[in-house]
Amino acid sequence: MSNPRKFSEKIALHNQKQAEETAAFERIMQEVSVTRVIGMQPPRMTSAHLSPHPQAYLRSYLGGSLPNVNQIAANPQIELHHQGG
Amino acid sequence: MSNPRKFSEKIALHNQKQAEETAAFERIMQEVSVTRVIGMQPPRMTSAHLSPHPQAYLRSYLGGSLPNVNQIAANPQIELHHQGG
Amino acid sequence: QSPQQMAEEASRKRELRLMKNREAAKECRRRKKEYVKCLETRVAVLENQNKQLIDELKTLKELYVHKQND
Amino acid sequence: QSPQQMAEEASRKRELRLMKNREAAKECRRRKKEYVKCLETRVAVLENQNKQLIDELKTLKELYVHKQND
DNA sequence: CAGGGCTGACGTCAGCCCAA
DNA sequence: TTGGGCTGACGTCAGCCCTG
C-alpha cells in the first residue's frame with residue numbers, strides 16, 4: 001500500500017518523492033532557461049556569435065553542466081557538439 | 001508570528017494559503033491555455049474566423065467562462081500583460 | 001471550616017480540573033489529527049499542481065522553440 | 001512452583017513489558033514528530049516550487065505572445 | 001499576579017499486522 | 001497461528017501564553 005503504517009516508511013516515501021520532484025523541477029527550470037536564452041538571440045545578432053567559441057558564450061549565460069542541451073543543439077541554426085570528455 | 005501555536009489557527013492559515021495558491025494556479029493555467037489557443041491561429045486562417053460569432057468559436061475550445069477572452073477576441077493584436085509580479 | 005470539608009473541597013476542585021483537562025486533551029488530539037490530515041492533503045494538492053505546471057511548461061517551451069524555427 | 005514465585009514472575013514479566021512499551025512509545029512519538037516536521041518542510045518546498053513554476057510560466061507565456069506579434 | 005485555555009511529553013492500555 | 005513491534009487513543013502532569 002502507498003500509505004504505510006510505520007512512520008519511518010512514510011518519511012522514506014516522502015523523501016523519495018521530494019527528491020524526484022525536486023530533480024524534475026530543477027531540470028525543467030534549466031531547460032526553460034536555456035530555451036529562453038537561445039530564443040532571444042535569432043532576431044538580433046550579438047557580438048558573441050562572432051566569437052570562435054559559442055559554447056563558452058552559452059555557458060557564460062548558464063550555470064552548471066547541461067546534458068540536455070544536446071537536444072537543443074539539434075536546432076539547425078546553432079551547432080553545439082560535445083566538447084569531448 | 002506566522003507559526004501559530006493553536007492548531008485551529010494553523011489549519012486556518014493553511015486553508016487560506018491553499019485557496020490563494022489554487023486560485024493562482026487555475027488562473028495561470030487558463031491564461032496559458034488561452035495563449036496557446038490564440039497562438040495556433042495566426043499562421044493559418046480557419047473557417048471559424050469567418051463565423052459571425054468568434055466568441056462562440058473560442059468558447060467551444062475552452063471550458064469555463066473567460067472574462068479576458070472577450071478583450072482578446074476583440075483585439076487579437078493587443079498585448080495582455082496584467083500585474084507583472 | 002473543618003479540615004474534612006477542606007479536603008472534600010480540594011478533591012472536588014481537583015476532579016473538576018482533571019475533567020476539564022481531559023476533555024481539552026481530547027479536543028486537542030482531534031485538532032492535531034485534523035491538522036496532520038490537512039497537511040497530507042495539502043501535500044497531495046501541491047504535488048498535482050506541480051506536475052501539471054511542469055507539463056504545461058514543457059508544452060509551452062516546445063511550442064516556443066517550434067515558433068522559433070518557423 | 002509456589003504461588004509467591006508465580007506472582008513475582010508475573011510481576012517481573014509485566015514490568016519488563018511495560019518498560020519495553022515505554023521506550024517504544026517514546027521512539028514512536030519521536031518518529032511522529034519528525035514525520036510532521038517532514039510534512040511541513042515538504043509543504044514549504046512545494047509552495048516555493050509552485051511559485052517559481054508559475055512565474056516561469058508567466059514569463060514564457062508573455063515571451064510567446066511577443067514572438068507571436070513579431 | 002493568579003487563573004485558565006492549549007499544547008508538549010509521558011506512561012499505559014488496546015489493537016493491528018507481520019515475521020517467526 | 002501467535003508473540004512482539006508500532007501505533008492510536010486515553011488520562012495525567014508540566015509549562016506556555018493570554019486574559020481577568
Atom [atom1] of [X] to atom [atom2] of [N]: distance rounded to whole Å?
X: C/L18; N: F/dC10; atom1: CG; atom2: P; answer: 17 Å
X: D/R22; N: E/dC10; atom1: CZ; atom2: C1'; answer: 10 Å
X: C/N21; N: E/dC10; atom1: CG; atom2: P; answer: 17 Å
X: D/E23; N: E/dT12; atom1: CD; atom2: C1'; answer: 15 Å
X: C/R30; N: E/dC6; atom1: CZ; atom2: C1'; answer: 15 Å
X: D/K33; N: F/dT7; atom1: NZ; atom2: C1'; answer: 18 Å
X: C/K32; N: E/dG8; atom1: NZ; atom2: P; answer: 5 Å
X: C/M19; N: F/dC10; atom1: CE; atom2: P; answer: 16 Å

Could you check whether any side-chain heavy atom of A/K6 comes within less than 4.5 Å of a side-chain heavy atom of D/R31, counting everything from C-beta outward?
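No, their side chains stay 4.5 Å or more apart.
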Taking the side chain as every heavy atom from C-beta outward, state whether C/Y35 and B/H14 have any atom pair closer than 4.5 Å.
yes
Assess whether salt bridge (charged side-chain N to carboxylate O under 4.0 Å, His left out) is satisfied between D/R42 and C/E47, documenting all intermediate values.
CA-CA 10 Å; D/R42 184 166 166 73; C/E47 195 169 328; 3.1 Å; yes
Is any N or O donor-acceptor pair between the side chain of [X] and the base of [N] shorter than 3.5 Å?
X: C/R29; N: F/dG11; result: yes
X: C/R17; N: E/dG3; result: no
X: C/R31; N: E/dC6; result: no

Under 4.0 angstrom between [X] side-chain N/O and [N] OP1 or OP2:
X: A/K6; N: E/dC17; value: no
X: B/R5; N: F/dC17; value: no
X: D/K26; N: E/dA9; value: no

Quick check for you: among E/dG11, F/dT7, E/dT7, whose closest atom lies nearest to any side-chain atom of A/F7?
F/dT7
Tell me which of C/A25 and A/S8 sits closer to the 5' end of DNA chain F, going by the nucleotide each one is nearest to.
A/S8
If only atom types and distance count, is the side chain of C/T41 paired as donor or acceptor with the main-chain N or O of C/K37 below 3.5 Å?
yes
Backbone of A/E31 reached by a side-chain donor or acceptor of A/T35 within 3.5 Å:
yes
Name the nucleic acid region contacted by D/R14, choosing base, sugar-phosphate or nothing; use a 4.0 angstrom heavy-atom cut-off, strictly under.
sugar-phosphate
